[in-house]
Colleague: 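The structure's right below; bear with me while I get my questions together.
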Amino acid sequence: MARVVKKAPSVCTDLPLGNTDICTKLHLLRQLLRSCFGPTGRLKQIHNNIGGYVVTTSTSSVLLPAISSSQPFVNMLKTSILNHVSRFSDCGLFAAILCLTLIDQANRAALKRNVAIKVNKHLLGLCTSYLQREDCGCKVKLDFSSSQNMITLARSIISSKPACVLTEPETLHISKLTVQAFLLTIPCDMPGIVSLGKTVTVSVEGYSVLDSAVFPGLLLNITDTFCISKADHLHSTPLIVVVFSVSLAGDLSELGDGIIQVHQGADTDSQILNQLLEVGKQVVKDEVKLFVCQKVIHPVLQQYLKSNGIIVVERLGVTLMEPLIQLTGAQPVASLHTTIPAKAYGKVRDLSIRQFGSQTMLHLHSPGESVVCTMVLCHRNETMLSELKVVCQKTEHVLRLTLREPSALLGGGCTETHLAAYVRHESKNEVAQTASVLGCSQMEYLLGMEGFCRSLESVATALEHNGGNSLIDLTHAHHWTLPADVVKDQMADNFGLCGCGLVGSSPSKKWTYLNTQYTELSPALLPRDNVMQPCVLDSFAAKLNALQVAVETANLALDVTYIIQDVN
């Protein structure tokens with residue numbers, strides 16, 4: 001009998017942000033995430049102390065779940081950020097760094113928690129209303145008649161993930177492929193309700209990234225190419241396809257739940273096999289050319305089908321069922337005890353074989369307009385390939401978000417510095433009125449506003465990891481980086497373009513270091529005939545939501561008074 005242990009009382013932590021241990025953990029988490037941010041961010045290798053895989057990444061969707069903490073307060077912040085990432089796929093590090101910095105700034109300013117929350121909420125509203133304006137100075141409209149901005153957006157996301165270990169040509173190649181795959185999943189002439197297609201990703205290890213490619217249609221792994229070489233008329237007319245979602249292995253467990261009554265002396269194996277062969281006879285009679293099963297197919301049924309010139313694919317898996325059904329128009333058959341209805345059959349235009357390293361793939365071409373495509377990703381080793389696959393899937397999701405909101409925000413820290421300058425300018429014009437509405441003193445409001453702006457600027461400074469300095473120009477309020485060995489007198493000679501690449505330096509332009517006091521300014525808008533094109537873009541939808549999540553999560557953290565933890 002197990003030893004009975006008296007239940008321990010729950011642990012109650014009063015005012016968690018005043019707790020040294022919690023503040024230390026938040027500081028360490030912020031430093032860790034800042035060090036991963038941007039194209040030159042440092043990679044992290046994570047391994048737990050009881051074994052398992054070593055994770056090498058700087059991507060928030062991989063990094064945050066791999067970091068474990070026994071502190072509920074830290075886990076609450078992690079959960080909030082991961083919820084954003086699961087919905088928008090991008091700007092997870094931005095949201096986490098901004099959230100943790102807002103908490104830190106509120107603590108440093110020794111503001112009353114309720115005042116900090118009110119000020120943060122007010123300034124968030126100021127930022128979101130500005131970002132949604134047509135004349136917003138850090139917003140770019142995406143033109144779908146040209147793929148240039150979409151490639152720039154894709155390239156900005158992919159280049160910010162250094163664990164992919166890509167050269168410049170490789171980054172551009174993958175960016176173009178991702179945009180191509182995204183465009184292939186958008187139907188052109190589909191009446192009624194439009195639904196987007198699907199991109200299936202196939203990983204091939206040991207080959208150059210430049211060997212990666214996108215193919216319209218679906219590529220399926222196969223092991224037996226002999227049956228394809230024997231099959232006739234695979235390139236003439238649309239070929240009939242049947243798809244089974246039920247196992248055809250002949251196991252009794254696949255017949256469903258409940259009690260099975262078997263007569264004495266009955267040979268159940270023979271009866272089930274006969275039923276499987278009846279299915280085979282029907283598909284041969286109906287001139288099916290491709291037989292696909294999500295699970296396992298009995299060897300005798302396989303042999304029967306192949307001997308009749310039918311291509312057999314088994315163990316498809318649940319992941320590929322949806323794109324296969326979307327491409328062929330087939331309805332999955334879930335029983336082997338009824339006649340297959342005619343409407344369950346689908347079609348493909350033709351079939352072909354493609355070879356990628358040791359993998360042999362069966363290429364299915366859609367009978368009509370294809371909204372399903374396959375992206376074959378190649379890389380030199382498993383770690384890089386795994387990260388690249390995650391990044392490409394996230395990038396495609398971000399591109400899909402542009403269909404709902406065809407806009408992007410300037411990258412390279414320029415949106416953050418521009419927003420900070422805008423908030424300072426707008427806030428200082430209405431200090432007395434806003435402080436009265438929020439129910440705080442003017443000094444408290446100015447302290448809260450300064451902490452909010454410094455938090456935004458802190459995200460921009462987190463992009464620099466090589467000892468350089470971050471600056472802001474006093475005209476457009478864009479972000480600039482100055483190498484560590486350059487003195488202030490040589491500034492003008494060492495600036496080329498701002499972080500987003502939209503503003504160039506000039507002898508008349510003035511800069512000042514970020515996170516220092518500078519003269520309040522109203523950021524000037526760029527002329528509409530500006531010939532410069534941004535070279536770094538961020539997803540509008542993802543960043544706007546990340547901004548909201550960061551501020552709301554920080555406010556939630558500031559509002560927590562007690563943590564009650566059951567330690568049994």
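In what follows, every heavy atom counts, from backbone to side chain, and hydrogens, waters and symmetry copies are set aside.
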Colleague: With a 4.0 Å cut-off on N to O distance, would you call Glu170 and Arg380 a salt bridge?
Modeller: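 Yes, Glu170 and Arg380 are salt-bridged.
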Colleague: Hey, is NZ on Lys25 packed in by over 12 heavy atoms from elsewhere, all under 6.0 Å?
Modeller: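 Enclosed: over 12 neighbouring heavy atoms sit under 6.0 Å from NZ of Lys25.
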Colleague: Looking at Glu382 and Lys389, is there a salt bridge between them, counting it only when a charged N and a carboxylate O are closer than 4.0 Å?
Modeller: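 Here Lys389 does not pair with Glu382 in a salt bridge, since their nearest N and O are not under 4.0 Å apart.
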Colleague: Do the side chain of Thr415 and the main chain of Gly411 share a donor and acceptor less than 3.5 angstrom apart?
Modeller: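 Such a contact is absent between Thr415 side chain and Gly411 backbone.
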Colleague: Tell me if a side-chain donor or acceptor on His379 pairs with a main-chain N or O of Leu166 at a distance below 3.5 Å.
Modeller: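 No: the side chain of His379 does not pair with the backbone of Leu166.
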Colleague: Donor-acceptor check, side chain of Ser386 to backbone of Thr383, threshold 3.5 angstrom: yes or no?
Modeller: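 Looks like no, no N/O pair under 3.5 Å.
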Colleague: Going through the checks in order, is the side chain to side chain donor-acceptor pair (under 3.5 Å) test met by Gln148 and Gln533?
Modeller: CA-CA 10 Å; Gln148 184 57 48; Gln533 290 294 319; over 6 Å; no
Colleague: Under a plain distance cut-off of 3.5 Å, with no hydrogens placed, do Glu387 and Thr59 share a side-chain donor-acceptor pair?
Modeller: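 Yes - a donor-acceptor pair under 3.5 Å links their side chains.
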Colleague: If you measure from OG on Ser60 to CG on Leu82, what distance do you get to the nearest 0.5 Å?
Modeller: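 The OG atom of Ser60 sits 7.5 Å away from the CG atom of Leu82.
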Colleague: Is the count of non-hydrogen atoms from other residues, nucleotides or ligands lying under 6.0 Å from Tyr207 atom OH greater than 12?
Modeller: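 For Tyr207, atom OH is not crowded (no more than 12 foreign heavy atoms under 6.0 Å).
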Colleague: Heavy-atom count around Arg155 CZ within 6.0 Å, excluding the residue itself: above 12?
Modeller: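 Counting neighbours around CZ of Arg155, 12 or fewer heavy atoms of other residues, nucleotides or ligands fall under 6.0 Å, so no.
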Colleague: Would you call Lys198 and Glu396 a salt bridge, taking side-chain N to carboxylate O under 4.0 Å as the test?
Modeller: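 Looking at Lys198 and Glu396, the cut-off is not met.
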Colleague: Might you confirm whether atom CZ of Arg315 has over 12 heavy atoms from other residues, nucleotides or ligands at distances under 6.0 Å?
Modeller: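 Atom CZ in Arg315 is not crowded, with 12 or fewer foreign heavy atoms closer than 6.0 Å.
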Colleague: If only atom types and distance count, is the side chain of Asp286 paired as donor or acceptor with the main-chain N or O of Val288 below 3.5 Å?
Modeller: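 Pair absent, no side-chain N/O of Asp286 close to backbone of Val288.
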Colleague: Has the side chain of Glu314 got a donor or acceptor atom that lies under 3.5 Å from a matching backbone atom of Ile297?
Modeller: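 Yes: the side chain of Glu314 pairs with the backbone of Ile297.
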Colleague: Can Ser69 and Gln71 be said to form a side chain to side chain donor-acceptor pair (under 3.5 Å), step by step?
Modeller: CA-CA 5 Å; Ser69 174; Gln71 179 50 249; over 6 Å; no
Colleague: Run the side chain to side chain donor-acceptor pair (under 3.5 Å) test on Lys161 and Thr57 for me, step by step, so that the C-alpha distance in whole Å, both residues' side-chain angles and the decisive distance to 0.1 Å come before the verdict.
Modeller: CA-CA 8 Å; Lys161 306 297 185 289; Thr57 187; over 6 Å; no
Colleague: Using ring pair (Phe, Tyr, Trp, His ring centres under 6.0 Å), reason through Phe540 and Phe88 one step at a time and then give a plain yes or no.
Modeller: CA-CA 10 Å; Phe540 177 82; Phe88 290 89; over 10 Å; no
Colleague: Checking Gln326 side chain against Val371 main chain: does a donor-acceptor pair fall under 3.5 Å?
Modeller: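 Looks like no, no N/O pair under 3.5 Å.
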Colleague: If you compare all heavy atoms of Asn221 against all heavy atoms of Met361, which two are closest, and at what distance to 0.1 Å?
Modeller: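 Looking at all heavy atoms of both residues, the closest pair is OD1-SD, 3.2 Å.
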Colleague: On the six-membered ring of Phe244, is Lys295 placed so that its NZ or CZ lies under 6.0 angstrom from the centre and within 45° of the ring axis?
Modeller: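 No - Lys295 does not lie over the ring of Phe244 by the 6.0 Å and 45° rule.
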